[in-house]
Amino acid sequence: VTVEIDPGRFLSDLQALRRIGAFDGGVERLAFGADDRRAREWLLQRFRDAGLDAEIDGIGNVYGRWPGATRTVLTGSHSDTVPCGGWLDGALGVIASLEAVRAVREVGAPPGRGVDLVSFADEEGTFRGTLGSSVFSGEIGDRELDEARNSAGTPLRRALADAGWAGRELAQLDPERQRVFLELHVEQGPRLEAAGIQIGVVTTIVGIRRVAVSFDGRSDHAGTTPMAMRRDAGAAAIRFAARTLDAFERQRTEHTVWNIGSLTLRPGAGNVVSNRAEMLVEYRDATADALVSLHETVERIAREVAAEHGCPCKLRTTVDTSGVDMDPEVVSTIEAVAADAGAGSLRMPSGAGHDAMVLRRRIPAGMLFVPSRGGRSHDPAEDTDEADLVTGARVLARAVERLIAA
Ligand SMILES: [Zn+2]
């Protein structure tokens with residue numbers, strides 16, 4: 001038997017979830033806010049209707065266990081959004097996984113096997129990125145939860161208490177039970193659409209390095225101080241930035257991306273030479289070697305520019321997550337079921353972080369993508385053709401079925 005999803009039921013639940021927190025075509029469900037809570041209560045009921053033993057746990061994860069199973073495939077994603085977000089980021093994976101559970105129930109799972117379902121809390125980092133999956137997998141504990149706050153300064157503990165979830169038991173990953181994690185997600189980039197391919201098979205979730213770079217100089221009168229006597233931190237920073245961008249362009253791999261998202265000059269006046277410059281340089285790549293070599297470039301250029309301008313440079317790494325490879329057997333399973341379903345597939349890295357990255361550090365995991373129209377995401381313009389949504393849900397359900405039997 002091959003599982004078959006019910007496209008109408010799947011799409012109508014996806015639209016129902018879209019209405020919770022909807023505005024102008026987009027959706028906003030900030031973690032632990034009123035709409036996120038409403039969405040989780042709604043999902044809880046849906047999980048129970050699908051026959052699962054479901055609860056909202058002490059961190060806000062909606063978690064459903066397949067009754068009577070001792071060995072399961074875990075599938076799901078997240079149902080919170082970024083501010084002014086799109087309707088599919090996270091929601092697609094949760095509803096497609098729900099549909100996979102229903103489809104497997106309809107054909108029946110082998111004895112003792114089943115599908116567990118989850119919508120993780122605060123993947124988007126209103127309080128802390130991949131919060132729910134990190135708690136579920138035991139990667140973070142009480143200390144991190146005590147410290148977490150949103151940008152308004154509200155403690156996570158308060159938000160959990162306001163939601164009525166504080167003090168509840170925490171659902172925990174059990175690698176003896178959950179043998180593998182599967183997540184369907186929108187690509188959030190343009191590659192699949194450009195290639196005309198319906199399914200992206202994620203091979204790796206890229207590593208990220210973010211470095212705070214500062215140059216210290218001396219503030220002087222910008223009219224009277226001869227150029228040769230200046231120690232201009234602003235000029236050093238801008239030269240550093242320009243050389244780094246050129247060097248990255250020369251050494252880039254197929255998957256290298258970078259961003260200088262912040263640059264501040266102090267004291268910040270038109271007639272004063274800058275005595276300090278600060279910037280954030282971020283780069284992502286699919287392999288650890290590539291990240292190391294990008295970082296060596298940053299260090300070398302920083303040294304050179306600091307010497308040329310007489311402005312000492314400091315580098316402080318603020319984010320350093322290593323890339324995570326998806327499980328090779330899960331990757332080939334997704335490819336095989338996509339081919340069986342008549343869908344083209346493309347192996348690709350994910351440039352964004354996901355809950356699957358957290359789970360993968362404990363158990364085998366895999367991810368599949370569907371195309372994003374125009375590559376847009378984290379924006380109300382986020383969208384995917386209905387046929388692609390259905391294909392994604394179908395491939396997910398069949399991959400779940402195949403992995404349950406494995
Ligand atoms: Zn997401």
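Just so you know, ligand 1 is whichever comes first in the structure, and atom 1 is the first atom listed for that ligand.
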Run the salt-bridge test on [X] and [Y] with the 4.0 Å N-O cut-off and return the result as yes or no.
| X | Y | result |
| --- | --- | --- |
| Glu106 | Arg9 | yes |
| Arg71 | Glu176 | no |
| Arg266 | Glu278 | yes |

- Query: Hey, which N, O or S atom on His185 ends up closest to the Zn ion (ligand 1)?
  - Reply: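 Looking only at N, O and S atoms of His185, the one nearest the Zn ion (ligand 1) is named NE2.
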- What atom name does the N, O or S atom of Asp89 nearest to the Zn ion (ligand 1) carry?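 Looking at Asp89, the N, O or S atom with the least distance to the Zn ion (ligand 1) is OD1.
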- Just wondering, is there an N, O or S atom on His78 that's nearer than 2.8 Å to the Zn ion (ligand 1)?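 It does: His78 brings an N, O or S atom closer than 2.8 Å to the Zn ion (ligand 1).
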- Query: Can Arg209 be said to sit on top of Trp258's aromatic six-ring, NZ or CZ under 6.0 Å from centre and within 45° of the ring axis?
  - Reply: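 The answer is no; the distance or angle limit is not met.
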